[in-house]
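Here is how names work: the chains are called A, B, and so on, in the same order as the sequence lines, proteins then strands, and each is numbered from 1.
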Number of protein chains: 2
Amino acid sequence: MKTVNAQAEKLKLARDEFVAQWGALGTQWGINRTMAQIHALLMTAPQPMTTDDVMEELEISRGNAHTNLKELVSWGLIRAVVKKGERREYFEAEKDVWQIFTIVARERKRREIEPALALLAKCAEESSGIETPEGKAFNNQIRALEEFVGFASKMSDRISSMKYGFAVQLASKLLG
Amino acid sequence: MKTVNAQAEKLKLARDEFVAQWGALGTQWGINRTMAQIHALLMTAPQPMTTDDVMEELEISRGNAHTNLKELVSWGLIRAVVKKGERREYFEAEKDVWQIFTIVARERKRREIEPALALLAKCAEESSGIETPEGKAFNNQIRALEEFVGFASKMSDRISSMKYGFAVQLASKLLG
DNA sequence: TTGATTTTTCAGAATTAAATGAAAACCGTG
DNA sequence: CACGGTTTTCATTTAATTCTGAAAAATCAA
């Protein structure tokens, strides 16, 4: 019994560290700390958790827990599940790493690549008729960026719609 | 003459929009607005610019301009150049899109992927000896993440050390 | 319908990140 | 070495983001 307790304690420590640090990393990734922490918590949860569980575990307010749980649901990184005979919602994380990757890749594309592409297209268009040397240089630079970002966008699509096995196969050629 | 002025005006408008919007996008990318704006400004500058030029163009303080110029230099996205007979520094941007991409990819890897990998390795290690079912599940999940992130890290290295032509060749297979 | 439970919203508070501007440090020149 | 121009630093201010907590809305069972 002593051993089991000691091991449970060890697990709790490791998991708490993971959750805390993953939250800190989230900041770098441009997602907010709480959202990343909840994600880490649910990715490593043996069972689905309620809003109250999350509040208690992370010592955060209901509003905060709620907002970030919903945001994670909208990303598709977690989902709400219902337990029969229970009224409140439980949440569980997608645990498959390839799924997680494709979800994050798609979301980043949507939020980072697509707006950039739209801007570049607009500026390329607006500057296309300018015949001064500066105008031509500007237009060329914008078009070079546009071409590259468009290409990155297509790549992102292709990769994130691959089956995991195929991606691995492709990658092994690259890394081999 | 009228035409040239009109065109110059049109260019200024397009460029100003590009700079402003690229700055807004930067926020999404986890880069601060001013840094992204300066980068946009210099990428589309016909000539190298001084700190004062940047301050004037973006209407920002000296401290802000200075800090972000240095940050861009440390990333390698811009470089200081000296004009002979001139004492103050001029800055010019790297304009090659593949270069820009590899620089950003390397920096992101350093700031986003490597710390995550370190954390995952640590948590995998800490939880490796736990024999409870929860401990095993936790360890497995962490190791799956670690493996994937490590793999992404290697891929990132490989791609960003490729010659542009080779990357295009590879990509065309993928997109073809 | 009522009442209990749960979810959602949101104004204000707290925290964190970024910008300012002035002073200090730095440099090249006479 | 001292002067003018330039760069760098950093305490303070400002702006942006995130969090709280309580009230309102929604949901469901009786």
Side-chain angles (χ1 to χ4, degrees), chain A residues 19-42 48-75 78-92 111-112, chain B residues 19-42 48-75 77-92 107 111-112:
Chain A
V19 169
Q21 294 285 119
W22 197 256
L25 282 175
T27 319
Q28 299 283 10
W29 285 70
I31 61 182
N32 88 339
R33 204 179 73 246
T34 304
M35 184 172 154
Q37 283 182 340
I38 295 177
H39 186 223
L41 190 65
L42 287 175
M49 298 174 76
T50 64
T51 302
D52 289 76
D53 293 336
V54 171
M55 286 167 62
E56 187 176 347
E57 192 73 41
L58 301 179
E59 300 181 56
I60 58 175
S61 72
R62 181 172 305 283
N64 193 11
H66 175 79
T67 305
N68 285 294
L69 281 165
K70 288 289 132 142
E71 186 69 4
L72 283 163
V73 169
S74 91
W75 279 52
I78 69 174
R79 57 191 152 261
V81 294
V82 280
K83 285 200 177 181
K84 59 180 175 182
E86 282 257 28
R87 192 158 147 196
R88 60 207 171 138
E89 291 190 303
Y90 284 74
F91 298 93
E92 70 178 7
R111 307 200 312 168
E112 301 179 356
Chain B
V19 170
Q21 294 285 116
W22 198 256
L25 282 175
T27 320
Q28 299 283 12
W29 285 70
I31 300 174
N32 88 338
R33 206 180 67 245
T34 303
M35 186 171 153
Q37 283 183 340
I38 296 177
H39 186 224
L41 191 65
L42 288 174
M49 299 173 76
T50 64
T51 302
D52 290 75
D53 293 337
V54 171
M55 286 167 62
E56 189 176 345
E57 192 74 43
L58 301 179
E59 300 180 57
I60 58 175
S61 72
R62 182 172 304 285
N64 193 10
H66 175 80
T67 305
N68 285 292
L69 281 165
K70 287 291 130 142
E71 186 68 4
L72 282 163
V73 169
S74 91
W75 278 51
L77 287 171
I78 68 173
R79 55 190 153 262
V81 295
V82 281
K83 285 200 176 180
K84 60 180 173 181
E86 283 257 29
R87 197 160 145 193
R88 61 208 171 136
E89 288 189 306
Y90 284 74
F91 298 92
E92 68 178 10
E107 190 66 22
R111 305 200 313 168
E112 301 179 356

*Whole Å only: how far is the CD atom of A:E59 from the P atom of D:dT18?*
21 Å
*Once you round it to whole Å, what is the distance between C1' of C:dT16 and CD1 of A:I31?*
17 Å
_Side-chain heavy-atom pair B:L42, B:E92 within 4.5 angstrom cut-off_ = no
*asked:* Can you measure B:K83 atom NZ to D:dG5 atom P for me and round it to whole angstrom units?
replied: 19 Å
*Qualifying residues under salt bridge (charged side-chain N to carboxylate O under 4.0 Å, His left out), relative to B:E112, sequence neighbours excluded*: A:R108, B:R108
_Any side-chain donor near an acceptor of the partner, A:D53 and A:T50, under 3.5 Å_ = yes
*Atom CG of B:L58 and atom P of C:dA18: how far apart are they, to the nearest Å?*
16 Å
_Nearest whole Å is fine: how far is C:dT6 C1' from A:E86 CD?_
12 Å
*asked:* Applying side chain to side chain contact (heavy atoms under 4.5 Å, CB included), can you list everything that pairs with B:A80, at least two apart in sequence or on another chain?
replied: B:E89, B:F91
*Where the side chain of A:N68 meets the backbone of A:N64, is there a donor-acceptor pair that is under 3.5 Å apart?*
yes
*Evaluate side-chain contact (heavy atoms from CB on, under 4.5 Å) for A:V19 paired with A:L58, printing each intermediate quantity in order.*
CA-CA 9 Å; A:V19 169; A:L58 301 179; 3.6 Å; yes
*State which residues pass salt bridge (charged side-chain N to carboxylate O under 4.0 Å, His left out) with B:E86; sequence neighbours excluded, sorted by chain then number.*
B:R88
Under 3.5 Å, which N/O atoms of the protein pair with N/O atoms of nucleotides 7-13 of chain D?
unit_1: D:dT7; atom_1: OP1; unit_2: B:E89; atom_2: N; d: 2.9
unit_1: D:dT8; atom_1: OP1; unit_2: B:K70; atom_2: NZ; d: 3.3
unit_1: D:dT8; atom_1: OP2; unit_2: B:H66; atom_2: ND1; d: 3.2
unit_1: D:dT8; atom_1: OP2; unit_2: B:H66; atom_2: NE2; d: 3.4
unit_1: D:dT8; atom_1: OP2; unit_2: B:K70; atom_2: NZ; d: 2.9
unit_1: D:dT8; atom_1: O5'; unit_2: B:H66; atom_2: NE2; d: 3.4

*asked:* My understanding is that only residues two or more places apart in sequence, or in another chain, count here; which of them pass side chain to side chain contact (heavy atoms under 4.5 Å, CB included) with B:E56?
replied: none
Would you list the protein and nucleotides 15-17 of chain D atom pairs, both N or O, that sit under 3.5 Å from each other?
none

*Return the value, rounded to whole Å, for the distance between atom CE of A:M55 and atom P of D:dT20.*
9 Å
_Contact under 4.0 Å: B:T34 side-chain N or O vs C:dA19 OP1/OP2_ = yes
